[in-house]
Amino acid sequence: MLFRSNAILGVLGNNVTLRVLTGLKTGLATATPQDLAGAFDTMRLSNLPSTRLVYQVLRSVTCMAFFTQSENWSLTGYPGPVEI
């Protein structure tokens with residue numbers, strides 16, 4: 001998973017492949033939340049398996065980044081690890 005994630009993030013760092021895979025007309029840094037939501041939908045609903053794979057990897061990376069921050073747990077209703 002790590003190699004795949006690094007490779008896909010590298011591909012998305014290129015504006016040409018970013019636009020082809022996501023449909024974004026701007027870079028990630030200047031995209032609005034609505035632009036990003038549309039890009040995720042474009043990838044998620046694509047007929048191309050490779051584009052759907054990019055979506056799945058990005059979703060996994062963002063979920064891991066979100067849930068590694070314990071201050072985000074309460075936003076989802078997760079009380080934290082159970083004491084054993």
Side-chain angles (χ1 to χ4, degrees):
M1 174 74 166
L2 180 61
F3 171 74
R4 189 181 333 161
S5 299
N6 288 343
I8 288 176
L9 292 174
V11 165
L12 292 175
N14 179 308
N15 285 336
V16 174
T17 53
L18 176 70
R19 187 170 188 169
V20 168
L21 289 171
T22 67
L24 278 175
K25 293 177 178 52
T26 66
L28 291 172
T30 58
T32 67
Q34 293 81 13
D35 293 337
L36 294 174
F40 272 93
D41 279 344
T42 296
M43 292 183 289
R44 181 176 60 89
L45 301 172
S46 175
N47 291 330
L48 299 173
S50 57
T51 303
R52 287 193 311 269
L53 174 65
V54 170
Y55 167 77
Q56 292 168 351
V57 170
L58 285 176
R59 184 187 61 197
S60 296
V61 168
T62 55
C63 284
M64 285 186 287
F66 180 83
F67 283 105
T68 57
Q69 302 297 315
S70 59
E71 60 269 12
N72 293 333
W73 295 348
S74 64
L75 299 172
T76 63
Y78 175 61
V82 177
E83 293 288 329
I84 297 178

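- Under the 4.5 Å side-chain heavy-atom criterion for Ile, Leu, Val, Met, Phe, Trp and Tyr, L36 and L12 are members of the same hydrophobic cluster.
- Residues T51 and M43 approach most closely at CG2-CA, 3.7 Å, considering heavy atoms.
- The number of heavy-atom neighbours closer than 6.0 Å to CD of E71, taken from other residues, nucleotides and ligands shown, is above 12.
- Contact check for L21 versus L48: no side-chain heavy atoms found under the 4.5 Å cut-off.
- Across every non-hydrogen atom of A31 and L24, the tightest pair is CB-CD2, 4.2 Å.
- Proximity of a side-chain donor or acceptor of S60 to a complementary backbone N or O of Q56 within less than 3.5 Å is detected.
- Considering all non-hydrogen atoms of both residues, N47 and P49 come closest at O-CD, 3.5 Å.
- Under the side chain to side chain contact (heavy atoms under 4.5 Å, CB included) criterion, T17 pairs with V11, N14, not counting sequence neighbours.
- In this structure, R44 and R52 have side chains that are not in contact, with every pair of non-hydrogen atoms separated by 4.5 Å or more.
- With hydrogens and angles disregarded, no donor-acceptor distance shorter than 3.5 Å links the side chain of S46 to the backbone of T42.
- Under the 4.5 Å side-chain heavy-atom criterion for grouping Ile, Leu, Val, Met, Phe, Trp and Tyr, L18 is not connected to V20 through any hydrophobic cluster.
- With sequence neighbours excluded, the residues forming a side-chain hydrogen bond (donor to acceptor under 3.5 Å, both in side chains) with D35 are T32, listed by chain and number.
- Through chains of ILVMFWY side-chain contacts below 4.5 Å, L75 is grouped with F66, F67, W73, Y78.
- For the atom pair CG of L58 and SG of C63, the computed distance is 11.0 Å after rounding to the nearest 0.5 Å.
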